[in-house]
S.K.: 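Got a structure for you, questions after.
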Protein chains: 2
Amino acid sequence: MAVTIRDVARQAEVSVATVSRALTSPELVRASTRERVLAVAADLGYQPNLAARGLITGRTGNLGIVVPDLNNPFFTGVLKGVQSQARQSSYAVFVADSDEDPAAERDLVLAMAKQVDGVILCSPGLEEQVVRELARATSLVLINRRVRGIPAALMSSGSGMRQVIDHLVALGHGRIAYLNGPRTSWSNRERRRGLKAAVQRHGVDLVDLGPFPPRYEGGLQAADLALAEGVTAIVAYNDIMALGVLARLRDRGVSVPGQVSLTGFDDLMFAALCQPALTTVAMPVEPTGRLGVDLLLSRLGRDGGAIRQEELDTQLIVRATTAPPSDSRN
Amino acid sequence: MAVTIRDVARQAEVSVATVSRALTSPELVRASTRERVLAVAADLGYQPNLAARGLITGRTGNLGIVVPDLNNPFFTGVLKGVQSQARQSSYAVFVADSDEDPAAERDLVLAMAKQVDGVILCSPGLEEQVVRELARATSLVLINRRVRGIPAALMSSGSGMRQVIDHLVALGHGRIAYLNGPRTSWSNRERRRGLKAAVQRHGVDLVDLGPFPPRYEGGLQAADLALAEGVTAIVAYNDIMALGVLARLRDRGVSVPGQVSLTGFDDLMFAALCQPALTTVAMPVEPTGRLGVDLLLSRLGRDGGAIRQEELDTQLIVRATTAPPSDSRN
DNA sequence: GAAAACACAGTAAACGTTTTCACTGGAGCT
DNA sequence: AGCTCCAGTGAAAACGTTTACTGTGTTTTC
């Protein structure tokens with residue numbers, strides 16, 4: 001059915017070896033032969049069987065990416081960057097969704113390992129020890145998580161949080177709640193770290209709440225707790241939680257940003273579109289995905305480039321959910 | 001480096017054939033041997049090389065999905081369904097993002113064709129002739145698009161639109177604008193068709209506007225045109241456009257649903273969360289993805305099941321952007 | 001009690017490539 | 001003329017599997 005290298009060889013009246021060379025190392029074959037072979041190949045619509053090629057070269061031309069949830073625009077943003085950069089280097093991309101299950105994450109990476117040249121892993125929660133195990137099974141690049149000895153594409157959430165606190169303090173807020181995401185999440189620890197440093201530097205009060213599930217419902221739940229603490233500003237772990245907070249505050253008749261200021265993190269599409277538009281921190285998701293691919297491919301290169309961990313900048317986006325606290329207005 | 005079937009065979013003191021059989025056709029090997037082999041395999045962490053297997057069986061164990069934009073939650077919803085259902089049948093999933101470029105869509109499917117057993121294609125816009133060409137190159141299943149002779153997983157947008165119009169008419173609206181998405185999009189034609197039928201049946205006025213780009217900006221642009229037509233209700237091609245309309249109307253001081261009612265389509269996450277919450281039609285995106293996989297796998301089965309086109313139901317979700325027109329309140 | 005059937009396991013051929021090695025003929029050198 | 005060298009090509013081995021074929025020893029059948 002499918003046209004193989006043998007068909008091309010026969011039609012071009014050369015050996016299969018010559019066809020292979022004409023296609024993969026053109027300089028090894030005489031120009032006239034090469035042209036004839038290429039012409040026949042194009043004519044027959046020949047496409048090399050990558051599985052067979054991979055079998056012998058040991059390189060599959062495939063990349064894998066494992067994410068916790070394909071419904072989360074943060075991860076699909078990364079995926080989009082990965083896919084586009086991979087395509088530029090003519091790699092194909094396997095995708096797997098672990099449904100937030102760490103055990104599944106491990107199995108998926110392991111299952112992919114045989115079929116890809118490397119895996120990009122978005123797993124804020126997986127135990128470090130398991131991550132190391134996976135790195136032994138295949139070339140691994142982490143997204144937004146730092147583990148010693150493993151390449152990573154990072155977003156400087158610490159600096160994003162600093163910008164958030166600087167902004168809130170400049171507005172006059174003195175008592176701020178942070179709604180933690182999952183304790184085990186690397187991003188949450190990182191964001192919290194940046195936030196604590198900034199808070200300390202400014203000498204304002206921090207109310208550390210949670211952890212909460214990093215979802216809309218988590219925000220609903222967190223909002224009440226934060227309110228009970230009498231804070232004037234709420235910093236949510238991410239936009240989705242922030243949206244939950246916003247909804248809950250609205251339901252309870254608390255005006256944002258009139259009585260309470262609120263910030264998110266991620267700058268998902270709806271952050272700009274909800275009402276009031278959410279002040280948040282923009283994450284360079286697509287660039288990070290692209291960077292991940294670059295890091296991976298550079299490690300796969302001839303003598304395996306250095307293990308690099310590179311950080312891309314985040315950016316505070318001030319919209320309509322932050323304002324001076326109400327008492328400072330009087 | 002990697003552990004092969006030969007290593008397992010040696011350690012279990014059997015031939016490679018027996019190992020292969022123990023793994024793929026257990027009934028052909030004595031229970032005691034089978035157990036020994038499986039134990040060794042597990043012990044060594046053996047994972048079959050799927051490329052090698054595929055080379056001889058002709059089946060790769062991979063599926064492909066091509067979508068126009070991974071930032072669009074509609075498509076990632078389908079992707080999520082596809083990925084989860086594929087995994088259940090232990091298929092791996094290739095994903096490709098065409099960036100809305102029809103030429104890229106064609107190339108991507110063709111490139112995938114050699115590496116997968118079938119492709120799921122989300123391409124509302126690709127020319128029918130090209131779709132047929134692709135279906136010849138690999139097993140194809142279309143998402144939300146009907147082409148004769150090609151299996152498809154559909155969402156009954158027509159019935160969704162009927163529900164929308166029934167709802168608006170019941171509220172008392174008599175002059176309704178439809179904001180078209182791309183003319184070439186199968187979904188748009190389908191939605192428009194359902195809408196026209198319903199409108200005619202009720203004998204109300206329809207103002208057919210557009211086409212507009214199916215994005216936020218398209219909504220901004222469309223809002224003004226609709227307003228100029230003096231309609232009391234606006235039916236947008238999808239949620240993202242509807243959100244644009246909402247923003248534009250708010251900027252112009254037109255109250256929703258007080259002066260104008262508005263509906264979207266797709267029920268993206270933010271539809272429930274924006275203010276006012278958007279009345280829209282929920283699409284069974286994940287189930288459709290799953291259905292797509294089922295259709296594909298059934299075609300791949302022994303004697304290739306029938307070519308089926310199956311339709312899943314959509315569901316009107318009434319929220320806060322629809323109300324009786326203002327004049328009917330007086 | 002012999003023939004036939006069977007359950008089980010091993011040998012080797014295939015799948016479509018790449019790549020090592022060997023071969024050819026001609027060019028350049030002494 | 002004889003030698004080496006090189007460009008260009010082909011034959012064949014390899015990659016890790018599956019599977020048709022073959023060969024055992026044991027059971028069933030008459």
Side-chain angles (χ1 to χ4, degrees), chain A residues 1-38 40-41 44-62 90 92 111-117 137-138 302, chain B residues 1-38 40-41 44-62 90 92 111-117 302:
Chain A
M1 181 78 209
V3 34
T4 86
I5 201 175
R6 234 172 288 274
D7 302 323
V8 179
R10 194 172 322 123
Q11 180 119 359
E13 302 181 311
V14 294
S15 71
V16 293
T18 301
V19 176
S20 172
R21 281 190 279 254
L23 292 166
T24 62
S25 359
E27 72 280 5
L28 290 183
V29 38
R30 192 188 357 221
S32 61
T33 343
R34 186 196 321 145
E35 279 168 27
R36 183 155 40 98
V37 169
L38 293 184
V40 171
L44 265 49
Y46 169 71
Q47 302 260 120
N49 180 323
L50 297 182
R53 173 182 292 175
L55 201 51
I56 185 148
T57 60
R59 318 177 83 255
T60 62
N62 297 331
S90 45
M112 274 187 176
K114 309 285 158 214
Q115 297 197 74
V116 301
D117 296 335
T138 185
R302 206 137 291 279
Chain B
M1 182 79 210
V3 31
T4 84
I5 202 175
R6 235 171 288 272
D7 302 322
V8 179
R10 195 172 321 123
Q11 180 119 357
E13 300 180 312
V14 294
S15 71
V16 293
T18 303
V19 177
S20 172
R21 281 190 279 253
L23 293 165
T24 62
S25 1
E27 72 283 3
L28 290 182
V29 39
R30 186 181 11 210
S32 61
T33 343
R34 186 196 321 147
E35 279 167 28
R36 183 155 39 96
V37 169
L38 294 184
V40 172
L44 265 49
Y46 168 72
Q47 304 259 124
N49 180 324
L50 297 182
R53 173 181 293 175
L55 201 51
I56 186 146
T57 60
R59 318 176 86 256
T60 63
N62 297 331
S90 47
M112 274 185 175
K114 310 286 157 208
Q115 296 196 74
V116 301
D117 296 337
R302 208 140 287 281

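All chains are named by letter (A, B, ...) in the order of the sequence lines, taking the proteins before the strands, and each is independently numbered beginning at 1.
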S.K.: Distance-only, no hydrogens or angles: does the B:Thr18 side chain make a donor-acceptor pair with backbone N or O of B:Val14 under 3.5 Å?
M.R.: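 No, B:Thr18 side chain to B:Val14 backbone: no donor-acceptor pair under 3.5 Å.
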
S.K.: Looking at CZ of B:Arg30 and CD of B:Glu35, how far apart are the two atoms once the value is rounded to the nearest 0.5 Å?
M.R.: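 Spacing of CZ (B:Arg30) from CD (B:Glu35) equals 11.5 Å.
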
S.K.: Distance check needed: C:dT18 P versus A:Asn49 CG, whole Å only.
M.R.: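 So the two atoms are 10 Å apart, to the nearest Å.
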
S.K.: May I have the distance from A:Leu23 (atom CG) to C:dG16 (atom C1'), rounded to whole angstrom?
M.R.: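 For the pair A:Leu23 CG and C:dG16 C1', the rounded distance is 13 Å.
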
S.K.: Using a cut-off of strictly less than 4.0 Å, decide whether B:Arg53 has a side-chain nitrogen or oxygen near OP1 or OP2 of D:dT18.
M.R.: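 Answer yes for this pair, as a side-chain N or O of B:Arg53 is under 4.0 Å from OP1 or OP2.
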
S.K.: With a 3.5 Å distance limit and no angle check, can you tell me whether B:Arg34 reaches the backbone of B:Ala22 through a side-chain donor-acceptor pair?
M.R.: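 Side chain of B:Arg34 to backbone of B:Ala22, a donor-acceptor pair under 3.5 Å: no, none is there.
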
S.K.: If we ignore hydrogens and angles and just use 3.5 Å, is the side chain of A:Thr24 paired with the main-chain N or O of A:Ser20 as donor and acceptor?
M.R.: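 Such a contact is found between A:Thr24 side chain and A:Ser20 backbone.
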
S.K.: Distance from A:Asn49 atom CG to A:Ile5 atom CD1, nearest 0.5 Å?
M.R.: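 The distance works out to 10.5 Å.
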
S.K.: Is there a donor-acceptor pair under 3.5 Å between the side chain of A:Thr60 and the backbone N or O of A:Gln115?
M.R.: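 Pair found, side chain donor or acceptor close to backbone of A:Gln115.
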
S.K.: Starting at atom CG of B:Leu50, determine the distance to atom C1' of C:dG16, rounded to an integer number of angstrom.
M.R.: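 That distance rounds to 17 Å.
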
S.K.: Could you tell me the separation between the CD atom of A:Gln115 and the P atom of D:dT17, rounded to a whole number of Å?
M.R.: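 Between P of D:dT17 and CD of A:Gln115: 12 Å.
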
S.K.: Separation of B:Arg10 atom CZ from C:dG10 atom P, in whole Å?
M.R.: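 Taking CZ of B:Arg10 and P of C:dG10, I get 14 Å after rounding.
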
S.K.: My validator wants the stems of DNA chain C: runs of 3 or more consecutive Watson-Crick or G-U pairs, both distances under 3.5 Å, written as range with range.
M.R.: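 So the stems come out as C:1-30 with D:1-30.
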
S.K.: Closer than 3.5 angstrom, by distance alone: can the side chain of B:Asp117 be matched with the main-chain N or O of B:Arg59 as a donor-acceptor pair?
M.R.: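 A pair under 3.5 Å: no.
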
S.K.: Would you indicate, yes or no, if D:dT9 has its OP1 or OP2 atom less than 4.0 angstrom from a side-chain nitrogen or oxygen of A:Thr33?
M.R.: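 True: A:Thr33 side-chain N/O within range (under 4.0 Å) of D:dT9 OP1/OP2.
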
S.K.: Looking at every strand, decide which applies to A:Leu28 at a 4.0 Å heavy-atom threshold: base, sugar-phosphate, or nothing.
M.R.: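 Base: the residue A:Leu28, judged by heavy atoms under 4.0 Å, touches a nucleobase.
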
S.K.: Tell me the interatomic distance from B:Arg6, atom CZ, to C:dA12, atom C1', rounded to whole angstroms.
M.R.: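 These atoms are roughly 12 Å apart.
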
S.K.: Whole angstroms only, please: what is the CD-P distance between A:Glu27 and D:dT9?
M.R.: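 Whole-Å distance recorded here is 13 Å.
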
S.K.: Measure CD1/B:Ile5 against C1'/C:dC15 and give the value in whole Å, please.
M.R.: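 In whole Å, C:dC15 C1' lies 15 Å from B:Ile5 CD1.
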
S.K.: Hey, does the side chain of B:Arg30 come within less than 4.0 Å of C:dA9's phosphate (OP1/OP2), counting only N and O?
M.R.: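 Yes, such a contact exists.
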
S.K.: Between C:dG16, D:dT17, C:dT18, which one does the side chain of A:Ile56 approach most closely?
M.R.: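 Comparing C:dG16, D:dT17, C:dT18 against the side chain of A:Ile56, the answer is C:dT18.
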
S.K.: With rounding to the nearest 0.5 angstrom, report the CZ to CD distance, A:Arg21 to A:Glu27.
M.R.: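 Those atoms lie 11.0 Å apart.
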
S.K.: With a 4.0 Å heavy-atom cut-off, tell me which residues in residues 11-22 of chain B come close to DNA chain C, sorted by residue number.
M.R.: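 Contacts with DNA chain C under 4.0 Å: B:Val14, B:Ser15, B:Ala17, B:Thr18, B:Arg21.
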
S.K.: Using 0.5 Å steps for rounding, measure from the CG atom of B:Leu50 to the NZ atom of A:Lys114.
M.R.: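 Answer rounded to 0.5 Å: 10.0 Å.
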
